[in-house]
Structure formats: C-alpha cells, structure tokens
Amino acid sequence: MVIQNWTSEVIFDKLDLSEHSVYLVKVKCSVRNIEHEAFLFTGFKSGSYCKVYNNSYDRPLKLKEVYSITVIKVLHTKY
C-alpha cells in the first residue's frame with residue numbers, strides 16, 4: 001500500500017497498527033526500490049518513535065520516509 005504523503009494517523013488507521021508494537025513488513029523506500037522485508041517498530045500514533053529497520057540500511061528510516069508498506073504479521077504488541 002502506497003503511504004507516501006499520508007499523515008501518521010492515517011497510516012495507523014489504514015494499516016490497523018497499534019502503538020508500541022513490532023511488525024514484520026514489506027517496504028519500498030522509493031517507487032523504483034525493490035520491495036523487501038523489514039521490521040517496523042511503532043511508538044506513538046503521532047509518528048514519534050516509529051522506525052523501519054533492515055540490516056542493509058545505513059540508519060533506521062522514519063515511517064514517513066517509506067514509499068509503500070504492507071504488514072506481513074504482528075511480532076509483538078504491548079496491548
């Protein structure tokens with residue numbers, strides 16, 4: 001699902017995400033990037049502390065930096 005230019009609140013609602021959770025996801029960082037697996041750590045619905053991790057990244061990506069994302073499964077949730 002392309003999430004580029006969506007607010008964090010809309011991303012949480014459309015993907016049915018929970019705060020303080022860990023997800024296995026498929027992401028694309030740009031329209032030309034190949035889809036690959038990563039981990040999404042959600043902090044708050046406002047977008048604070050929401051990061052996407054993959055061992056090939058130079059640094060964790062903010063959720064807003066991702067072009068598209070698909071949730072594969074929930075790995076851990078606090079609630």
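Heavy atoms only: backbone and side chains are in, while hydrogens, waters and symmetry mates are out.
Contact record, S68 with V2: CB-CA, 3.8 Å, taken as the closest heavy-atom pair. Across all their heavy atoms, V27 and N33 have their closest contact at O-OD1, 4.4 Å. C50 approaches F44 most closely through the heavy-atom pair SG-O, 3.5 Å.
L24 and V66 fall into different hydrophobic clusters, where Ile, Leu, Val, Met, Phe, Trp and Tyr are joined by side-chain heavy atoms under 4.5 Å apart, directly or via other members. A single hydrophobic cluster is not seen to contain both Y67 and L61; linkage of ILVMFWY side chains at heavy-atom distances under 4.5 Å, directly or through other members, places them apart. When hydrophobic clusters are built by joining Ile, Leu, Val, Met, Phe, Trp and Tyr residues whose side-chain heavy atoms come closer than 4.5 Å, directly or via intermediates, L17 is grouped together with M1. The cluster map of Ile, Leu, Val, Met, Phe, Trp and Tyr, joined by side-chain heavy atoms under 4.5 Å apart, puts V10 and V52 in the same cluster.
Residues meeting the side chain to side chain contact (heavy atoms under 4.5 Å, CB included) test with K45, sequence neighbours left out: E9, F12, D13, E19. Remark: R59 engages E65 in a salt bridge (Lys or Arg N to Asp or Glu O under 4.0 Å) (not counting sequence neighbours).
For an aromatic pair to be called close, the ring centres must be under 6.0 Å apart, and F41 with H76 fails this. H20 and Y49 have their aromatic ring centers separated by at least 6.0 angstrom. Ring-centre distance between Y23 and F39: not below the 6.0 Å cut-off.
Note on residues 21-37: no pairs pass salt bridge (charged side-chain N to carboxylate O under 4.0 Å, His left out), not counting sequence neighbours.
The shortest side-chain heavy-atom distance between V25 and T70 does not fall under the 4.5 Å cut-off. Put simply, the side chain of T42 does not reach to within 4.5 Å of the side chain of L63, judged on heavy atoms. V22 has its side chain out of reach of L40: every pair of non-hydrogen atoms, C-beta onward, lies at least 4.5 Å apart.
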Q: Go through H36 and C29 one step at a time and tell me if the side chain to side chain contact (heavy atoms under 4.5 Å, CB included) criterion holds.
A: CA-CA 9 Å; H36 59 279; C29 299; 4.0 Å; yes
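Distance check: I3 CD1 to I11 CD1 gives 4.0 Å after rounding to the nearest 0.5 Å.
In this structure, K64 contributes its side chain and Q4 its backbone to no donor-acceptor pair below 3.5 Å.
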